K.L.:
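Once you've had a glance at the structure underneath, I'll fire off some questions.
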Number of protein chains: 2
Amino acid sequence: MRRSSALKKSPAKASAAPHRARKPVASALSVRERILVVAERMFAEHGMEGVGLRAITAAARVNLASIAYHFGSKEGLLEALFAQRAAPIAQERLRLLARCFEESKTPTLERILDAFLRPALTLGVQPQFGGPAFVKLRARLGTEPEMMSRKILAKAFDQSSRQFIDAIAQGLPQQPGEEIEWRYHFMLGAMFYTMANSGRIQSLTDGRCDPGDVKLALHHMIPFLAAGFRSAPVP
Amino acid sequence: MRRSSALKKSPAKASAAPHRARKPVASALSVRERILVVAERMFAEHGMEGVGLRAITAAARVNLASIAYHFGSKEGLLEALFAQRAAPIAQERLRLLARCFEESKTPTLERILDAFLRPALTLGVQPQFGGPAFVKLRARLGTEPEMMSRKILAKAFDQSSRQFIDAIAQGLPQQPGEEIEWRYHFMLGAMFYTMANSGRIQSLTDGRCDPGDVKLALHHMIPFLAAGFRSAPVP
DNA sequence: GTCTATAGCTGGATAGAC
DNA sequence: GTCTATCCAGCTATAGAC
């Protein structure tokens, strides 16, 4: 209505040839991709319930109806996000785990924890699109007791999680399985809290401690967790 | 409109004597208390944005307008919840910390961590009102990057948090302050994730590991974290 | 103090033009 | 495929009867 009322004629030149020259500029993403990028960041920052389709479509500069068209619903959009991001993380984890065992029959606990934690903290970080969006989003969903989030997370990560629990247990034969599982749970907590980067520790330490610095976070987290895993099992 | 149109007269007998017999039954809570109890549980389960005033007032069997009357707004309700619960937790922490130092000039790290973690995991657990509602709520807010949550949490816990960081550091003089702070951050992660009780570890271990069992969780968590704190500082 | 009723928006979803 | 226009259920907050 704004600009289409004038110059209605001669659509031939502009729209009659949809072939050729698909991606005219490097930064021109499709509507679908723009929605995914923006939704990832906004879901991470404000939660699933904290942001509406109107805010997402406005920020992505697409029409409100685009989300229904491309993803069916808001929940479909979240599932598409996970379908795109979670599988690569689980795959990279298993690839790194396999490499641990290629290089040594008895890899150190530190190397196994690194294989587990590094993909979670580093994949999905896209500085050009507002930083570690998917990392935060995953942390957020990981802490929620909502059924929907749990099912999506379980589907994406259950298999690789169990392989890591087994790999950790194999290196700590003196620990009962249940002890390993509790400690794995505490590791998830430290990992998610680091990924969530809520800002609490920054304000508490006047900025000295910054979980957003992924390299540094891993550098501190892995020895801390490894020592916890190795400590004597509780009686 | 339903029943008040009839029998309008003689209000003397029923309402002229508001004194005496305040709490007729042990389980009869005031409107304000019913709202607090229900909101605590529903905020914990679905998040601040995930539940509306209609759902809260319906579950509490009070009128929709009651929340505005008693708390001013939805956010005022959240603040009232924290005003009621957070201060006792911080107080109990400091009381237990003081007792550590009364009993020994150099209390063990385990005792200090217990003084920090136990009040967070146990206070606010009210089995008669749907379980550890405030505990879950706090975990949820603790992981969110929203400003409002952060300010409320900081106001309630900053002071006691710093005292604990100092107490931990005092017992580990070989650790740089920054290392202590990172490890405190990881401890918060394990604590919040246990408090959130998202259900992830239960499904991953077929129910063997249950963070809802507070005694057991502390029993496993404290040695794990203590070993992490004591491990050699990273170079 | 407690209620009804409603104002004033915004939520997700969709029908149908183009 | 993309848009406009709209539905209606839900939201928070408030005015005013009783």
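Atoms considered below: every heavy atom in the structure, side chains included; atoms not considered: hydrogens, waters and symmetry mates. Quick caveat: nothing in here was measured; it's all calculated off a predicted structure. Quick note on labels: first sequence line is chain A, next is B, and so on, each numbered from 1.
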K.L.:
Send over the distance from K74(B) NZ to dT14(D) P, rounded to a whole Å.
P.N.:
15 Å
K.L.:
With sequence neighbours excluded, tell me which residues meet side-chain contact (heavy atoms from CB on, under 4.5 Å) with V214(A).
P.N.:
L121(A), T122(A), L218(A)
K.L.:
Going by the angle between their ring planes, with limits at 30° and 60°, are F134(B) and F82(B) parallel, tilted or perpendicular?
P.N.:
perpendicular
K.L.:
Whole angstroms only, please: what is the CD1-P distance between I35(A) and dG12(C)?
P.N.:
13 Å
K.L.:
I need the CZ-P distance between R32(A) and dT2(D), as an integer number of Å.
P.N.:
12 Å
K.L.:
Using a 4.0 Å cut-off on heavy atoms, which residues in residues 48-66 of chain A reach DNA chain D? List them by number, or say none.
P.N.:
N63(A), A65(A)
K.L.:
Residues in side-chain hydrogen bond (donor to acceptor under 3.5 Å, both in side chains) with Q202(B), at least two apart?
P.N.:
N197(B), D210(B)
K.L.:
Tell me which pairs pass ring pair (Phe, Tyr, Trp, His ring centres under 6.0 Å) where either residue lies in residues 35-81 of chain B, with sequence neighbours left out.
P.N.:
none
K.L.:
The criterion is side-chain hydrogen bond (donor to acceptor under 3.5 Å, both in side chains); which residues satisfy it with R54(A), sequence neighbours excluded?
P.N.:
none
K.L.:
List the residues meeting salt bridge (charged side-chain N to carboxylate O under 4.0 Å, His left out) with R138(B), not counting sequence neighbours, and say none if there are none.
P.N.:
none
K.L.:
Check the distance between dG16(D)'s P and Y69(B)'s OH and give it to me in whole angstrom.
P.N.:
17 Å
K.L.:
Would you kindly give the CD1-to-P distance between I67(B) and dT12(D), to the nearest whole Å?
P.N.:
8 Å
K.L.:
I want to check one thing: is the phosphate of dG1(C), taken as OP1 and OP2, less than 4.0 Å away from some side-chain N or O of H70(B)?
P.N.:
no
